[in-house]
Amino acid sequence: MFLAAALICIGAATAQTPPAPKEFFAEFTKQRDAIETLRADFVQTTTTPDETTVSKGTLIYIRPKRLLFRYADPPLVYMIDGLRVYEYDPGISQIEIMELEDRPESEAFYLGFESNVDRLQEAYDIHVLPPDDPEKFALAVEFVPKPKTDGEDPYFQRVRLQLRKKDYLPAEILIVNDEESQTSFAVTDFAINEKLPEDLSHIRVPEGTAIIENDESADDAPAGGLLFPREAAPKVESEDTP
């Protein structure tokens, strides 16, 4: 199933006391506004009581609010675009599409490449901390879901990011799902603001791929395949439209 979540980043000199949240967010917003696209490699380690699994792949971000994880073996693609989650499994020729609720907590899915600070602060207690390794990282940031009164379970117990010095991007991410399971990412080889081909920035599925939307089957992909997210059909105006 889709990744539990992940979050944001930005920092200050390692020898200094970590900045106050207000200073942190001011610098974070400034840095994130400069990113239009991002590509990086990742190694994901998932630990449960039964096993530890390691996966590798490529992470893609496109502003605004599109994030893809392309896993290498077995080949899988997960994409969040706005409030839609896509899971494409070419091994079974299926793409599943799910709607997210428009909750502040959903900002956690964007790994810090979005800068909607107000919504993050609505949903999380945010702690700016010294980094685990001052030689490698500028600082660390931890996000803990605020207690909820509506009975909804949080996406995770906490997330901690280690932020690299060069540009404050998250180089290590730890997601604690519960007392017995966690997921970590080591992110390397960042390429920022390069032109991305459609086959990286979208999910392309071939003819015959089964499409499942919100747990209901739709028509299979037609001849020529489909590109997700699909572009909205252009508005056709009548000759009487002023």
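This chain uses plain numbering: 1 for the first residue, then up along the sequence.
A donor atom on one side chain and an acceptor atom on the other are found under 3.5 Å apart for Thr46 and Gln44.
Between the side chain of Asn177 and the backbone N or O of Thr48, no donor-acceptor pair lies under 3.5 Å. No donor-acceptor pair under 3.5 Å is formed between the side chain of Asn193 and the backbone N or O of Ile35.
Within the 4.5 Å cutoff, the side chain of Ile211 has no heavy atoms near those of the Val205 side chain. Between Glu179 and Gln157, some side-chain heavy-atom pair lies under the 4.5 Å cut-off. A heavy-atom distance below 4.5 Å is found between the side chains of Leu38 and Phe190. Using a 4.5 Å heavy-atom cutoff, the side chains of Pro170 and Phe185 are not in contact. No side-chain heavy atom of Leu226 sits less than 4.5 Å from a side-chain heavy atom of Thr209.
Pro49 and Glu180 make their closest contact through CD-O, 3.3 Å (heavy atoms, listed as atom of the first residue, atom of the second, distance). Nearest heavy atom pair, residue Val54 against residue Thr45, reads CG2-OG1, 4.0 Å. Of all the heavy atoms in Lys146 and Asp125, the pair that sits closest is CE-OD1, 3.4 Å. For the residue pair Pro75 and Pro90, the shortest heavy atom distance occurs at O-CD, 3.3 Å. Of all heavy-atom pairs spanning Ala171 and Arg164, the tightest one is CB-CB, 4.2 Å. A pairwise comparison of heavy atoms in Val187 and Ala40 identifies CG1-CB, 3.7 Å as the closest pair.
In this structure Thr188 satisfies the side-chain contact (heavy atoms from CB on, under 4.5 Å) test together with Asp41, sequence neighbours excluded.
Criterion: ILVMFWY side-chain heavy atoms under 4.5 Å apart, direct or through other members. Under it, Leu129 and Val176 are not part of a common hydrophobic cluster. Cluster annotation: Ile212 is not connected to Ile95 through the hydrophobic network of ILVMFWY side chains, with a link wherever side-chain heavy atoms come within less than 4.5 Å. Ile126 and Ile175 fall within the same hydrophobic cluster, where Ile, Leu, Val, Met, Phe, Trp and Tyr residues are linked whenever their side-chain heavy atoms come under 4.5 Å apart, directly or through other members. Residues Ile80 and Met98 fall within the same hydrophobic cluster, defined by Ile, Leu, Val, Met, Phe, Trp and Tyr side chains chained together at heavy-atom separations under 4.5 Å. Linking Ile, Leu, Val, Met, Phe, Trp and Tyr whenever their side-chain heavy atoms come within less than 4.5 Å leaves Val43 and Val159 in two separate clusters.
With values rounded to the nearest 0.5 angstrom, Phe69 atom CZ is found 6.5 Å from Phe42 atom CZ. Interatomic distance, OH of Tyr78 versus CG of Asp89, reported as 8.0 Å (0.5 Å rounding). Here Arg39 contributes atom CZ and Leu196 contributes atom CG; the two are 7.5 Å apart, rounded to the nearest 0.5 Å. Here the straight-line distance linking atom NZ of Lys165 with atom CZ of Phe137 works out to 10.0 Å at 0.5 Å rounding. One finds the CG atom of Asp132 at 11.0 Å from the CG atom of Leu139 (value rounded to the nearest 0.5 Å). The CD atom of Gln162 lies 8.5 Å from the CG atom of Asp133; values are rounded to the nearest 0.5 Å.
With a 6.0 Å radius and a threshold of 12 heavy atoms from other residues, nucleotides or ligands, Glu194 has its CD atom above the threshold. Applying the 6.0 Å contact sphere to CG of Asn214 captures more than 12 heavy atoms from other residues, nucleotides or ligands.
The stretch residues 75-85 participates, sequence neighbours left out, in these salt bridge (charged side-chain N to carboxylate O under 4.0 Å, His left out) pairs: Arg66-Asp81, Arg84-Glu99, Arg84-Glu213.
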query = Checking ring-ring contact (aromatic ring centres under 6.0 Å, His included) for the pair Phe156/Tyr124: CA distance, chi angles, key distance, verdict?
reply = CA-CA 11 Å; Phe156 49 81; Tyr124 301 99; 5.8 Å; yes

